[in-house]
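Written out below as structure tokens is the structure these notes cover.
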Amino acid sequence: MSRSPNRSLLLTTIWSLLLAVLFGKAGAVFLSSVPAHELTMERRMLREAGKTPSPEHLIHEWSSLSRALYWSPGDADLWFQLGRNLHRVALADVPVPKSYLGEIGAFLSLPAPQQPGDQRELLLTGAIAAYDRAVAANQLVSGARFWRLAARDAIAADKPEPWENDLKPAVQKALEFDPNDPAAWRAAGEMALRHDDPDAAVLWLKGSLTVKLDGLERVAETLLTLPEGSRRFGEVIPEKAEAWKRLARYLFTQWRVPSAVEAFDHAMRLAGTTAIRPPEGEAVSDGDFADDSERLLHPWRIEAARGVKTIRRVEQRQLEVVFQRGPANWYHVWQEVAVEPGRNYRLSASLQVDGFSPDETFGVEAVHPYEISLFAANARCYAAAGPSYRQPLPVSDGRFVTVETTFRAPDGVRVLIVRPRRFGGDEKASGTLRIRAVSLRQTAEPEDSAVDPS
């Protein structure tokens, strides 16, 4: 018995519709995956470079996110990322081009801002809308509930919502729903401080570091806004050597030297060892580049530089810097040192220079931690005895020579940067610099007039 023509036509139509739906869904997935893949690759490149997305980068991503969501409106992760982008840009308070505001406003059905000051509220409202859609698409989406509360609180900054019986319980519940986001715990702690609840702030900041130590410096910065913040470090910082070491080095950069020393000693006790301190009266740690950096509160930092190879020669107790057509202006090894404002210091080092033209100068300098134009003192030697070299600078000629100068530490400054230096020359030149016995000591002598910020 043969099938009727009508039945065959019906089956053909059904199969055609099914194929159209399948191809349509596949096409939508493909079209949404292209911009989503672009975003993933861009973020990966930033992470590999050790960078975080700038506000401008986050704004640039909006178009890709909206295109991806147009074809895949049920993707909770994309909605969440859009919400975080809008949220971060709003808090960064950077100007957003009108075209982007119009695009994102139309995409989320938001009213256009009537005044320039409305931009922040518009972006936060958009973030809340995106978070809501993320939760609607997937009840288990990570973080959207908390960040929605944070955006809502940011909008209501001038008229804060009731905290103790309203917002605080909601924040606590949202954190318990997604307990593995250290940034959320940290933001919750900062939110608690804005609502004058330091106990909740300490609890949630501790939660942040319990999940991950990244962000410890931000937590320390937040704690220092409290009247007794430094006393509460012990309640927040995990009892781990690495955590207290990071805290100590952060405090040192904030010129809180006694607190930094105390925290570092605690870190060394947790590590089962002791700190290596500079000799009495010495400000520089490890002046011969031979000590264990992990046991130093403020060790040498060595940055990579094109055309330069930097080697710690521990047995020879010196640093060797080999230039292969390296930069003429080189200052890529440095250390932060504590000083007393207004006191006199003698800066010195022992240098050996092989190669380079005779008139090139090398040495050591102490500079302001923020900007060299604010303060700089240096001690130099010539590379070799050339026909035009000027006294009284010493001359290396392949031998170790001592360079030194005295200066008065500037008022109001408790930390200086000490660093070996090549003070300009032929970028195509090659040669070797060896340095040891770097020292910065207080002296009763008057300051030297030879202070050169160049």
Side-chain angles (χ1 to χ4, degrees), residues 47 50 52 142-143 146-147 150 168-169 171-278 283 285-286 291-302 335-338 369 414-415:
R47 283 197 303 271
T52 55
S142 176
F146 169 77
W147 291 111
K168 181 179 178 179
V171 169
Q172 183 64 56
K173 184 177 180 180
L175 291 172
E176 292 170 355
F177 187 87
D178 182 30
N180 297 316
D181 183 357
W185 285 96
R186 188 168 61 246
E190 295 168 358
M191 190 189 305
L193 284 182
R194 289 196 297 274
H195 289 271
D196 298 320
D197 190 347
D199 291 333
V202 166
L203 178 66
W204 291 337
L205 292 173
K206 181 178 181 178
S208 168
L209 297 180
T210 301
V211 176
K212 197 173 184 180
L213 285 183
D214 287 0
L216 183 145
E217 291 76 12
R218 174 74 176 270
V219 168
E221 179 183 359
T222 302
L223 282 174
L224 289 175
T225 64
L226 296 174
E228 297 184 347
S230 58
R231 180 182 63 81
R232 309 199 74 164
F233 283 136
E235 300 176 50
V236 175
I237 308 300
E239 284 293 282
K240 298 178 180 179
E242 183 59 30
W244 280 88
K245 186 187 301 182
R246 284 181 58 170
L247 172 64
R249 289 175 175 169
Y250 168 78
L251 292 172
F252 191 88
T253 64
Q254 300 301 303
W255 304 0
R256 297 173 177 265
V257 178
S259 296
V261 171
E262 183 180 347
F264 195 76
D265 285 345
H266 185 59
M268 293 297 97
R269 286 193 293 271
L270 291 173
T273 185
T274 56
I276 299 176
R277 301 192 188 285
S285 289
D286 190 21
D291 290 336
D292 180 2
S293 297
E294 293 302 312
R295 295 170 60 197
L296 298 172
L297 171 58
H298 46 103
W300 292 105
R301 309 292 179 87
I302 300 178
Q335 179 183 140
E336 295 170 310
V337 300
R414 297 189 177 277
V415 170

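- With rounding to the nearest 0.5 Å, the separation of OG1 in Thr210 from CD1 in Ile237 is 10.0 Å.
- In this structure, Arg295 contributes its side chain and Thr274 its backbone to a donor-acceptor pair below 3.5 Å.
- The closest side-chain heavy-atom distance from Lys240 to Leu270 is not below 4.5 Å.
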Practice prompt. Could you check Arg277 against Asp265 for side chain to side chain contact (heavy atoms under 4.5 Å, CB included), going step by step and ending with a plain yes or no?
Written response: CA-CA 10 Å; Arg277 301 192 188 285; Asp265 285 345; 2.5 Å; yes
Discussion item. Applying side chain to side chain contact (heavy atoms under 4.5 Å, CB included) to Tyr250 and Arg256, what does each step give before you reach the verdict?
Written reply: CA-CA 9 Å; Tyr250 168 78; Arg256 297 173 177 265; over 6 Å; no
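- Evaluation of the side chain to side chain donor-acceptor pair (under 3.5 Å) rule for Glu235 yields Arg232 as partners, not counting sequence neighbours.
- Contact detail for Val171 and Ala188: the closest heavy-atom pair is CG1-CB, 3.9 Å.
- With sequence neighbours left out, the side chain to side chain donor-acceptor pair (under 3.5 Å) criterion links Asp196 to no other residue.
- Separation of atoms OG (Ser259) and CZ (Phe264) is listed at 15.0 Å; rounding is to 0.5 Å.
- Between Ala283 and Ala338, the closest heavy-atom pair is CB-O, 3.7 Å.
- When every heavy atom of Met191 is checked against every heavy atom of Ala150, the shortest pair comes out as CE-CA, 3.6 Å.
- Here CG of Asp291 is found 12.5 Å from CD of Glu294. Values are rounded to the nearest 0.5 Å.
- Within the structure, salt bridge (charged side-chain N to carboxylate O under 4.0 Å, His left out) pairs that include any residue of residues 172-191 comprise Glu190-Arg218 (at least two apart or interchain).
- Within the structure, ring-ring contact (aromatic ring centres under 6.0 Å, His included) contacts touching residues 227-249 (residues at least two apart or in different chains) are Trp244-His266.
- Closest of all the heavy-atom pairs between Leu216 and Leu209 is CA-CD2, 3.6 Å.
- In this structure a side-chain-to-backbone donor-acceptor pair under 3.5 Å is missing from Trp185 to Lys206.
- Leu297 has its side chain within reach of Val261: a pair of non-hydrogen atoms, C-beta onward, lies under 4.5 Å apart.
- Of the inter-residue distances, the one linking Ser230 atom OG with Leu224 atom CG reads 7.0 Å to the nearest 0.5 angstrom.
- Nearest heavy-atom pair across Leu193 and Pro198 is CD2-CA, 4.1 Å.
- Taking the side chain to side chain donor-acceptor pair (under 3.5 Å) definition, one finds that Glu262 meets it with nothing, sequence neighbours left out.
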Worksheet item: Can you list the steps and then say if Arg249 with Glu336 is a salt bridge (charged side-chain N to carboxylate O under 4.0 Å, His left out)?
Response: CA-CA 10 Å; Arg249 289 175 175 169; Glu336 295 170 310; over 6 Å; no
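- In terms of the side chain to side chain donor-acceptor pair (under 3.5 Å) criterion, residue partners of Lys168 (sequence neighbours excluded) are, by chain and number, Glu164, Asp197.
- Residue Leu251 holds its CG atom at 10.0 Å from CD of Glu217, rounded to the nearest 0.5 Å.
- Heavy-atom minimum distance, Leu205 versus Val219: CB-CG1, 4.0 Å.
- Expressed to the nearest 0.5 Å, how far CG of Leu223 lies from CD of Glu228 amounts to 12.5 Å.
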Discussion item. Using the rule given for side chain to side chain contact (heavy atoms under 4.5 Å, CB included), can you reason through Met268 versus Ile276, listing the C-alpha separation, both sets of side-chain angles and the distance that settles it, and then say yes or no?
Written reply: CA-CA 10 Å; Met268 293 297 97; Ile276 299 176; over 6 Å; no
